[in-house]
Visitor: 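Sharing a structure with you now.
We count ligands from 1, going down the list as the structure has it; atoms in each ligand are counted the same way. For the numbers below, each heavy atom of this structure counts, side chains included, while hydrogens, waters and symmetry mates do not.
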Amino acid sequence: MHRRSFIQNTALTFGALSISHKNFLKMFTDDPWKINMLTDTIGVFTERGGTIGFHFSKDGITVIDAQFPDTAPHLITELKKRNDQPFRLLINTHHHLDHTSGNIAFKDVTSRVLAHENSLANQKNVAVKNKNEDQQYYPNQTFSTVWEEKAGNEKFSLHYFGAGHTNGDAMIHLQHADIVHMGDLVFNRRHPFVDRSAGASINSWINVLDKAMKKFASKTQYIFGHAADGYDVTGTKDDLLAFHDYLGNVLKFVGDEMKAGKTKDEILKATEIPGSPEWKGDGIQRPLTAAFEELSVG
Ligand SMILES: [Zn+2]
Ligand SMILES: [Zn+2]
């Protein structure tokens, strides 16, 4: 069946379920990215890489994370259509390429880039190693534990609670709306990357999530860097707790296996983390390897 006739036939079928023809066609013809508004002024952009958050105000547009050089322009073009304020600030949750390599697209758009001080150091290290410093737009403002600033009637506070996914992950709290962008501190039902080369620690990551759950309210909404297929890039404290428990289960499983005399290769054959069956799909070797290394050095 040709694509056109498939769309027409299926649209007719779906028509009975009250999805309009126009909206159904849109599912096939839309841009590769998606925007989901969480409030009138705050939304998330997803295409490829870490979830981008953004905020409109009379003081300008704030963007959290930048994905890749080929996806960031899609966001910039769309936000310019939706809002006529200038871009006031780009924030990086951490240095990974799927969050900062798109910074370069903001070079002529905003003069301020803000991140944790270790995120800047990590971004520089990686760029020097990859010999692509000319393709970076580095943070020009950094913080160590807390940073606060206002934009319109929103108050941004950035928090650093210690090493987790890297040693430079910031949480960005939009206090008025009570929404926190967690960056890659939460992989929603997806096996995480644990970047030990940039100071990550699963044990410390668990403490960081404990501190977050204490700091923020029970009704706070969260934005996550990544989610498994079928799961949202936004969620609640329950999702934080589930990921917190998953990390604990990874450490416990690997620790128990090591005590039982299993080798690293044997441990890496596992297909599920006991106690956290919701985490499926690719990538289980990443947290297992990280836990093995972390427990081996003690
Ligand atoms: Zn990421
Ligand atoms: Zn990351």
Visitor: Would you say the side-chain atoms of Glu47 and Gln67 include a donor-acceptor pair closer than 3.5 Å?
Guide: no
Visitor: I'd like to know if Glu266 pairs up with Lys269 as an ion pair, taking the criterion as any Lys NZ or Arg NE/NH1/NH2 lying under 4.0 Å from an Asp or Glu carboxylate oxygen.
Guide: no
Visitor: Check the pair His173 / Phe156 against ring pair (Phe, Tyr, Trp, His ring centres under 6.0 Å), numbers first and verdict last.
Guide: CA-CA 6 Å; His173 188 196; Phe156 283 75; 9.8 Å; no
Visitor: Taking 2.8 Å as the limit, list every protein N, O or S atom around the Zn ion (ligand 1), by chain and residue number.
Guide: Asp98 OD2, His99 NE2, Asp184 OD2, His226 NE2
Visitor: Check His165 and report its N/O/S atom nearest to the Zn ion (ligand 2), by atom name.
Guide: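 In His165, the heteroatom (N, O or S) nearest the Zn ion (ligand 2) is NE2.
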Visitor: Fit a plane to each ring of Trp205 and Phe187, take the angle between them on a 0 to 90° scale, and name the class: parallel (under 30°), tilted (30 to 60°) or perpendicular (over 60°).
Guide: perpendicular
Visitor: Identify, with sequence neighbours excluded, every residue that meets ring pair (Phe, Tyr, Trp, His ring centres under 6.0 Å) alongside Tyr137.
Guide: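 Residues passing ring pair (Phe, Tyr, Trp, His ring centres under 6.0 Å) with Tyr137: none at all.
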Visitor: Ring pair (Phe, Tyr, Trp, His ring centres under 6.0 Å) between Phe193 and His96: does it pass, once the steps are laid out?
Guide: CA-CA 11 Å; Phe193 178 38; His96 284 150; 5.2 Å; yes
